[in-house]
Every structure is written in structure tokens, then in C-alpha cells.
Amino acid sequence: MFLLRALTQLYKDGFAEHSSVVQETVLRLATAADKMGERQAAEQMLQGVWTNAVKEKWDGMVPRVARVLGPLLTAHGAYEEAVDVYGMTVQALRRLEVGGGDIDALHLDTANIVTSLAEVFALKGDCTSAEALLSGVLVDIRARPSEGVNAWTCLDAVVMLDLAQVCEKSERPGESAAWANSALKVTREHRGVWACDNCESHTLFHLGKLAEAASNRDSAHVFYSRALDLARRSNTGNIEQIKESIKKLNEND
């Protein structure tokens, strides 16, 4: 309600629809709508903000819009639009870097956006492009010095899990398992860090799927059970998905 009142007041004060201050408020409204599950309304608002941000070259706003708009587009299969959004965001981040912004923060943003772009390519079926992008991100992450727990922590594990999923999609289960096990080693170095626990739960679930596909039902049970236990303890978002897989596996025993 506060944001709506603020937007109404901005219009009363004479701010134009396409002004940066109005668009900033609309972006916050859209982000709030997305968090409340109002995805269609959020996407509609974000599309308008995105158009203005790109047109006016508000490079600082572009990544913030992309973080919300990209997943919304991806969720309903608008892959080409998502690729455009992520691609233009990478360009904006590079301009910000040249302009003297916070280099570490910009590199982190770029790594996350490129990872999201790779995931869209994988969903499109272009596993070659996805793997190339993810491999490049992983090289960049590994080149960074270790500085304790921070926003970069376990991002390499997330990328390795993405590579595992791409390999699975490309029907290379051996490579998929290898990437997943490499991801597990990283996550277990930082037990208790939510990002790492979340990634570990998803990685165990992935290994369970690989085991089930290989008709190794006992191993699948073990992986799923460990994934579920960790998901419950860390309150990650894949609890229901794991429970459903365990249920189906038990039904087929």
C-alpha cells in the first residue's frame, strides 16, 4: 500500500510516467508483487520498466529488473525473451565496469546473470552453448582468491550442479555424476551457510535421479533421503519435489 501511495503522490507531484523515479517505484511494486505470487502483474509492470531502462540506458537499473523479469519469462517458456534480457544485462554490466563501478559486485552480478543465461539455453535444448557459458563462469570463479564466506561462497558449486544437469540432458550420466560429486565437495566445506546447504540438497537430489535412472534404487533412496533431511533442516525450496520422488520410488518397489 505504501508503494502505491508513493506512486500516486509522484504523479500528483508532476513526475512523468517514464521518469526514473516513477520507474524505480514501479520496479519495487513489481518485485513485491512477484514475492506475493502475483507473477502476471509483476511481469507486466517489469516489461514496462525494462523497456524504459534499456531505452534510457539506465544501466544500474537493468540488472535489478533482469533478476526478477528473467526468471518470470523463463518460468512460462518465453526463452527467447529471457535470452535477450540476460544478454542485454551482461552488456549493461560491462558498461558499468568500464565506468568505474564496484568491480567485485559487478563481476558477481555478471557471473549470476551468465549462469541464468546458460540455464535458459539448456532449457531451450542448446546444451553446447549452456556448457560453454557455465565453463567460462567456473573458470572466472576459480580464479578468485578465497576470502572466507561471502556472496561468492558456493557459487562454484551451483555452477557445477548446473553443468551436471546439462550433462544429464546431453545423455552423459558419467560426467553428470562427476560434476555433481565435485559440487558436493565444495558445499561440504561450508556447512551451515544457507546457499551451500541449498545447493547440497539439490545436488543430492540430482544424484538420486541419476541413480534411479540407472536402476540403482537403493542408492536413489539414500540420496533422496539425505536430500530431504538436509532440505528440511535448512528450509530449502525443494522439499515437496524430493518427497514426490521418494513416493514414486516407493510405489515402484
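Below, all heavy atoms of this structure are taken into account, side chains as well, without hydrogens, waters or symmetry copies.
- Counting heavy atoms from C-beta outward, N238 and S201 have side chains that approach closer than 4.5 Å.
- Summarising the hydrophobic clusters (Ile, Leu, Val, Met, Phe, Trp, Tyr; side-chain heavy atoms under 4.5 Å, direct or chained), the residues clustered with V193 are V149.
- Residues E56 and Q23 fail the side-chain proximity criterion, which asks for heavy atoms closer than 4.5 Å.
- Summarising the geometry, atom CD belonging to E80 is positioned 11.5 Å from atom CG belonging to L73; distances are rounded to the nearest 0.5 Å.
- Counting non-hydrogen atoms of other residues, nucleotides and ligands closer than 6.0 Å to CD of E189 gives a total above 12.
- Residues V186 and L230 do not share a hydrophobic cluster, clusters being chains of Ile/Leu/Val/Met/Phe/Trp/Tyr side chains in contact below 4.5 Å.
- Rounding to the nearest 0.5 Å gives a distance of 11.5 Å between CG of L184 and SG of C196.
- Applying the side-chain hydrogen bond (donor to acceptor under 3.5 Å, both in side chains) test to residues at least two apart or on different chains, the pairs with a partner in residues 149-161 are D104-W152.
- Within the 4.5 Å cutoff, the side chain of W58 has heavy atoms near those of the N52 side chain.
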Please report the C-alpha distance between N112 and R67 in whole Å, then the side-chain angles of each, then the deciding distance to 0.1 Å, and finally whether the side-chain contact (heavy atoms from CB on, under 4.5 Å) criterion is met. CA-CA 9 Å; N112 281 310; R67 289 188 205 111; over 6 Å; no
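- Closest heavy-atom contact between A180 and A164: N-CB, 3.8 Å.
- Note that the CG atom of L96 and the CG atom of D59 stand 5.0 Å from one another [nearest 0.5 Å].
- With hydrophobic clusters built from ILVMFWY side chains whose heavy atoms lie under 4.5 angstrom apart, L161 does not share a cluster with V158.
- No option in Q40, R39, Q47 other than Q47 meets the side chain to side chain contact (heavy atoms under 4.5 Å, CB included) test with E43.
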Tell me, with the steps shown, if L163 and S135 meet side-chain contact (heavy atoms from CB on, under 4.5 Å). CA-CA 8 Å; L163 281 164; S135 297; 4.0 Å; yes
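- Take R64 and apply the side-chain hydrogen bond (donor to acceptor under 3.5 Å, both in side chains) test, not counting sequence neighbours, and it matches E24.
- With contacts defined as side-chain heavy-atom distances shorter than 4.5 Å, the pair R142/L138 qualifies.
- Tracing side-chain contacts under 4.5 Å through hydrophobic residues (I, L, V, M, F, W, Y), one never reaches V68 starting from V120; they form parts of separate clusters.
- Atom CD of E171 has 12 or fewer heavy atoms from other residues, nucleotides or ligands within 6.0 Å.
- Summarising the geometry of V166 relative to A130, their closest heavy-atom pair is CG2-CB, 4.1 Å, with the distance given to 0.1 Å.
- A pairwise comparison of heavy atoms in A30 and A42 identifies O-CB, 3.4 Å as the closest pair.
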Hey, mind stepping through L228 and R232 against side-chain contact (heavy atoms from CB on, under 4.5 Å) and telling me if it holds? CA-CA 6 Å; L228 182 60; R232 283 171 169 163; 3.7 Å; yes
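- In this structure, A220 and G208 approach most closely via the heavy-atom pair CB-O, 3.6 Å.
- Sorted by first then second residue, the side-chain hydrogen bond (donor to acceptor under 3.5 Å, both in side chains) pairs that include residues 161-170, not counting sequence neighbours, number zero.
- Note that CG of L133 is 12.5 Å distant from CD1 of I113, once rounded to the nearest 0.5 Å.
- Looking at residues two or more places apart in sequence or on another chain, you find a side-chain hydrogen bond (donor to acceptor under 3.5 Å, both in side chains) between E175 and R172.
- Between the side chains of T187 and D197, no donor-acceptor pair of N or O atoms lies under 3.5 Å.
- One hydrophobic cluster, built from ILVMFWY side chains closer than 4.5 Å, cannot hold both F223 and M160; they sit in different ones.
- A ring-ring contact (aromatic ring centres under 6.0 Å, His included) check over residues 184-207, counting only residues at least two apart or in different chains, returns the pairs F205-Y224.
- Separating the CZ atom in R226 from the CG atom in L207 is a distance of 8.5 Å, to the nearest 0.5 Å.
- In the hydrophobic clustering of ILVMFWY residues, with side-chain heavy atoms under 4.5 Å counting as a link, V83 and V62 come out apart.
- For the pair Y86/L69, no side-chain contact is recorded, criterion being any heavy-atom separation below 4.5 Å from C-beta on.
- Residue T89 holds its OG1 atom at 9.5 Å from CG of D109, rounded to the nearest 0.5 Å.
- Under the 4.5 Å side-chain criterion, counting only non-hydrogen atoms from C-beta, L204 is not in contact with I242.
- More than 12 heavy atoms of other residues, nucleotides or ligands shown are found within 6.0 angstrom of CZ on R188.
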Residue pair D140, V114: steps toward the side-chain contact (heavy atoms from CB on, under 4.5 Å) verdict: CA-CA 12 Å; D140 291 342; V114 173; over 6 Å; no
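- The two residues L210 and P173 come nearest to each other via the heavy atoms CD1-O, 4.3 Å.
- S129 and D126 make their closest contact through OG-OD2, 2.7 Å (heavy atoms, listed as atom of the first residue, atom of the second, distance).
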Going through the checks in order, is the salt bridge (Lys or Arg N to Asp or Glu O under 4.0 Å) test met by E212 and K209? CA-CA 5 Å; E212 186 176 1; K209 289 197 302 177; over 6 Å; no
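- At a threshold of 4.5 Å between non-hydrogen side-chain atoms, the residues L27 and M61 count as touching.
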Show your reasoning for whether disulfide (SG to SG under 2.5 Å) applies to C199 and C154. CA-CA 8 Å; C199 183; C154 281; over 6 Å; no
